[in-house]
J.: 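I have a structure I would like to understand better, so I am pasting it below and will then ask my questions one at a time.
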Amino acid sequence: MNKIINVFTPHFFVLIVVYFVSNFSLQGQCDSVLYLGNDTLICENETVLLNASFECADIFEWQNGSSDSIFTVSDSGSYHCTVTMLDSNLVANGDFEDGNALFTTSYTLGAGGTWGPLSNEGTYTIASDPNDAHINFSSCGDHTSGTGDMMVVNGSTINNLTVWSQDISVEPNTDYLMEVWLISCVSDNPGSLQFSIDGVNLGSSFSSGSTTCSWQQFTEEWNSGTSTSITFSIKSQGGFAGGNDYALDDISFASMIQVSDTILVDFQDLASWDLGADTSLCEGEFLILDAF
């Protein structure tokens, strides 16, 4: 009689499931749910793509600090992602495309001098290129489009001086995310700034960095508590007269919702793969080996 040995094993059934998990996406949904898939087992030397993206997702943070929406898994372990969804930006003219309007500042509008409008410390202007404000500043495009406007600042040496400020209405007991993009216009002595709500500084100070024209994003989270109206500010933390020159763009303040999920991934040792015992067949008999 014919002898049929079927070596279809659960390991490869699991691999089929992983294929669908690794391509799972919540695109088109806005129900504040993040699902990375079931805990899973795959063969060694394989990879899994964990996809945290969906239509309303704005910011991604994986367990290792990665900010991409897709994370490639090639080792066993626990993988976690937190996704932040943002509502409309409550800051008016945060990209400065309306010019010198809709915000207040303790800095003085640059009036000119030997090196241009920002020849003196503690001055600012709205410009499409920092080099237009001071001949010793690097030539840079804005963050929004590369051709728009930004707030260019010749930093003051005075600590805790308000660089930019705006009054904003907020909802009580709501989480908000504040954000600013920042570059250095001169590599020496980068500017140091800090977020502030109603005169109270939040989080740690942040620096424009020593590389000119390299836009960097800085954020801070805040809960409104009982507040219904606030003054949102960005303050300078002093510095040297030489250097301490920077530009700000795309300031935002928006309510946020955060969702997260964790998935466990383990790998099956390929050494455990077995097609079955050696066997002998009579003439005319056949053997089916199923490797799937």
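For reference, positions follow the sequence shown, starting with 1.
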J.: Can you list everything that forms a side chain to side chain donor-acceptor pair (under 3.5 Å) with S224? Sequence neighbours excluded, please.
T.: none
J.: Got a sec, which hydrophobics cluster with W181, joining ILVMFWY side chains under 4.5 Å apart, including via others?
T.: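 Other cluster members: L118, F137, M150, V152, I183, V186, W215.
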J.: List in chain and number order the residues that pass side chain to side chain donor-acceptor pair (under 3.5 Å) with S69, two or more places apart in sequence or in another chain; answer none if no residue qualifies.
T.: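 If we apply the side chain to side chain donor-acceptor pair (under 3.5 Å) test to S69, skipping adjacent residues, there are no hits.
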J.: Mind checking side chain to side chain donor-acceptor pair (under 3.5 Å) for T174 and listing every partner two or more places apart, or none if nothing turns up?
T.: none
J.: State, to 0.1 Å, how close G191 and Y246 come at their nearest heavy-atom pair, and which atoms those are.
T.: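 G191 and Y246 have their closest heavy atoms at CA-CD2, 3.8 Å.
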J.: Go through N51 and S53 one step at a time and tell me if the side chain to side chain donor-acceptor pair (under 3.5 Å) criterion holds.
T.: CA-CA 6 Å; N51 192 343; S53 64; 2.6 Å; yes
J.: Taking only residues two or more places apart in sequence or in another chain, which ones pass side chain to side chain donor-acceptor pair (under 3.5 Å) with N244?
T.: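 N244: no side chain to side chain donor-acceptor pair (under 3.5 Å) contacts found.
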J.: Taking only residues two or more places apart in sequence, or in another chain, which ones meet Y124 in a ring-ring contact (aromatic ring centres under 6.0 Å, His included)?
T.: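 For Y124, no residue satisfies ring-ring contact (aromatic ring centres under 6.0 Å, His included) once neighbours in sequence are set aside.
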J.: Heavy atoms only: give me the nearest D261-L34 pair and the separation to one decimal.
T.: CB-O, 3.6 Å
J.: Going by the disulfide bond (SG atoms under 2.5 Å apart) test, which pairs reach into residues 123-208, not counting sequence neighbours?
T.: C140-C213
J.: Mind jotting down which residue pairs meet the disulfide bond (SG atoms under 2.5 Å apart) criterion with at least one end in residues 74-122? Sequence neighbours excluded, please.
T.: none
J.: Would you mind listing every disulfide bond (SG atoms under 2.5 Å apart) that reaches into residues 216-266, with sequence neighbours excluded?
T.: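 Passing the test, one end in residues 216-266: no pairs.
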J.: Taking the side chain as every heavy atom from C-beta outward, state whether I251 and F103 have any pair of such atoms under 4.5 Å apart.
T.: no
J.: If only side-chain N and O atoms count, and only distance matters, is there a donor-acceptor pair under 3.5 Å linking S252 with E179?
T.: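 Note: E179 and S252 side chains meet the donor-acceptor criterion.
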J.: What pairs with S210 under side-chain contact (heavy atoms from CB on, under 4.5 Å), at least two apart in sequence or on another chain?
T.: P190
J.: Can you tell me which residue pairs pass the side chain to side chain donor-acceptor pair (under 3.5 Å) test with a partner in residues 155-166, sequence neighbours excluded?
T.: N160-N201, N160-Q237, S165-S233
J.: Under a single-linkage definition using a 4.5 Å side-chain heavy-atom cutoff for Ile, Leu, Val, Met, Phe, Trp and Tyr, are M151 and L90 assigned to the same hydrophobic cluster?
T.: yes
J.: With sequence neighbours left out, write down each residue that passes ring-ring contact (aromatic ring centres under 6.0 Å, His included) with F71, or none if nothing qualifies.
T.: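 Testing F71 for ring-ring contact (aromatic ring centres under 6.0 Å, His included), a comparison that skips the adjacent residues, returns W62, Y79.
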J.: Around atom CD of Q217, are there more than 12 heavy atoms from other residues, nucleotides or ligands closer than 6.0 Å?
T.: yes
